[in-house]
Protein chains: 2
Amino acid sequence: MSNHDKSIISRRSRPAKDPLSKDIIVQTAFKLMMDEGISGLSMRKIAKALDTGASSLYVYVKNLQELRAYVLDYRLKDVKIPNNKNASWKEGIFEVLHSYYTVLYQSPGMAELALTTVPVGSHSSAIIEYILKQLDLGSIRSTSAAWGADLLLLYTTSVAYEQTSRNQKGQDSTLISTYLHSLEGSQYPMISSMKKEIFSGESERFQWGIEAVLQGISVLKDGKKPLN
Amino acid sequence: MSNHDKSIISRRSRPAKDPLSKDIIVQTAFKLMMDEGISGLSMRKIAKALDTGASSLYVYVKNLQELRAYVLDYRLKDVKIPNNKNASWKEGIFEVLHSYYTVLYQSPGMAELALTTVPVGSHSSAIIEYILKQLDLGSIRSTSAAWGADLLLLYTTSVAYEQTSRNQKGQDSTLISTYLHSLEGSQYPMISSMKKEIFSGESERFQWGIEAVLQGISVLKDGKKPLN
DNA sequence: ACCTGAACACCGTTCAAGT
DNA sequence: ACCTGAACACCGTTCAAGT
């Protein structure tokens, strides 16, 4: 009852625990992902890292899916939106996508997260917005621009995903290149006749794809009926 | 000890349980996925459906990841490899991809499985082989063909994925279209100025993407340095 | 308003023990 | 050789109870 007793009881063994917040949860989740990859992204592990129980997180985050979306957008803040006035519209697009690729590539699990999570947030919006602006400069608008932006991001994400999962497992895991293993030449002549070409530089492949897509949508533009 | 007793004891309450096999496991897994989507694809659920324990499956299947690859290839057996001699090489490619798209679209969870599982097996090989053959007819060879085939399949898979997940949740979940919600026009002018165009027909979008990619890789062919 | 612990209903994988 | 049950080390989410 004495003041003395009380002050001893209320003394904390360590500085006051950081109060929870969406930001702290997202940052902790991201740190865990840096260390453990996508499997670090679990409610229970994040909670443990914050010295609390998993149920506490639900005050700030609706569920794991929503948390994943937050983590994705949080990481995308490091994607650099170019502002080189001398560059062509294509170069601008290549630059953002390259920055996006690098960001995904640097954090294990990030590419997988990007591939399976619908991005919601200001950073992903900024990237999309920039790509649409550049496409507009290249006279690509409307559905072509919208679908094209989608395709460009999808392509970049998937190249990053293949690249990182290859690194992880110490194995080659391109969609196409996996077919090459354990196949008989006689049964799949086309596949086996091009084994060499498959294993060429990854950055070359990345550039090639962006260029191919940009070429394709430039040629098509709007309204053109496909496959005639 | 008597013969009589023994025969009664050995009498089974139902016809002898089907012996396990890789095929039966894969087929059961696929059936479960048809009913429950991707969450039906668990060792424990498959085992229960086969009236055994999860550990029994490990005799025939190395782990869940391998089982997923088997299920994917099993489903891909229904993809029709075209043999229309009068069709152009592009039409042939469009046809396989359309069949592939339909197969993914019809089984819930299949598109997600295809997006996150490296396909190994004769059916996926047959599809790749056919696409490479058609690209060869269109004078697209070497790395262009390999990367192009990859890109075409990736694109098709992802359109199917977006389409099915949209259906599942009764929501629109195209990469691009999700940005449109809860965005202020003033902050992202490009995005908000094209809201209408985004929500157009999905089959049109599918065709557009294939054509764009084919155009792009046709123009590039081999050796061309991108972005000059 | 926020946090907690316990509970519920699940996971994949391993392993000793059985046939 | 194959199957089994139990165990291990996890999951996401909910909820009554506390402050």
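Lettering of chains follows the sequences in order, A, B, ..., and the numbering in each one begins at 1. No experiment lies behind these values; they were computed from the predicted model shown.
Side-chain N/O atoms of B/Thr157 and B/Tyr100 include a donor and acceptor closer than 3.5 Å.
The list of salt bridge (Lys or Arg N to Asp or Glu O under 4.0 Å) pairs with a residue in residues 57-69 of chain B, not counting sequence neighbours, is empty.
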For every nucleotide of nucleotides 14-19 of chain C, 5' to 3': is a protein heavy atom under 4.0 Å from its base (B), only from its sugar-phosphate (S), or from neither (-)?
BB----
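Taking the P atom of each, C/dC10 and D/dA9 are spaced 22 Å apart, rounded to whole Å.
A/Met43 places its CE atom 19 Å from the P atom of C/dA6, with the value rounded to the nearest Å. At whole-Å resolution of the value, CD1 in B/Ile46 and C1' in C/dC11 are 12 Å apart. Between B/Asp51 atom CG and D/dG5 atom C1' there is a gap of 14 Å when expressed in whole angstrom units. Whole-Å rounding puts the B/Ile38 CD1 to D/dC11 P distance at 20 Å. Distance, B/Arg44 CZ to D/dG5 C1': 11 Å, rounded to whole Å. For the pair B/Leu57 CG and D/dG5 P, the interatomic distance rounds to 13 Å; values are reported in whole Å. Following rounding to the nearest Å, B/Leu64 (CG) and C/dC10 (P) show an atom-to-atom distance of 17 Å.
For B/Leu20, counting side-chain heavy atoms from C-beta on, the closest listed nucleotide (D/dC3, C/dG12, C/dC3) is D/dC3. Taking only side-chain atoms of A/Tyr60, from C-beta outward, the nucleotide of C/dT4, C/dC3, D/dC3 with the closest atom is C/dC3.
At D/dC11, one or more side-chain N or O atoms of A/Ser42 fall inside 4.0 Å of OP1 or OP2 (strictly under the cut-off). Considering only side-chain N and O atoms, B/Lys45 lies under 4.0 angstrom from the phosphate OP1 or OP2 of C/dC11.
Environment of NZ in A/Lys77: crowded, with over 12 heavy atoms of neighbouring residues, nucleotides or ligands closer than 6.0 Å.
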Dot-bracket for DNA chain C, 5' to 3', Watson-Crick and G-U pairs with both distances under 3.5 Å, [ ] for crossing pairs, | for partner on another strand, reads ||.|||||...|||||.||
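At distances below 3.5 Å, not a single donor-acceptor pair connects side-chain atoms of B/Ser144 with backbone N or O atoms of B/Ile217. At distances below 3.5 Å, at least one donor-acceptor pair connects side-chain atoms of A/Thr28 with backbone N or O atoms of A/Ile24.
Between B/His98 and B/Phe206, the angle of the ring planes lies from 30° to 60°, which puts this pair in the tilted group.
Contact annotation: the side chain of B/Arg205 approaches that of A/Asp150 to within less than 4.5 Å [non-hydrogen atoms, C-beta and beyond].
Under the side chain to side chain contact (heavy atoms under 4.5 Å, CB included) rule, B/Leu151 has a single partner from B/Leu214, B/Val213, B/Thr156, which is B/Val213.
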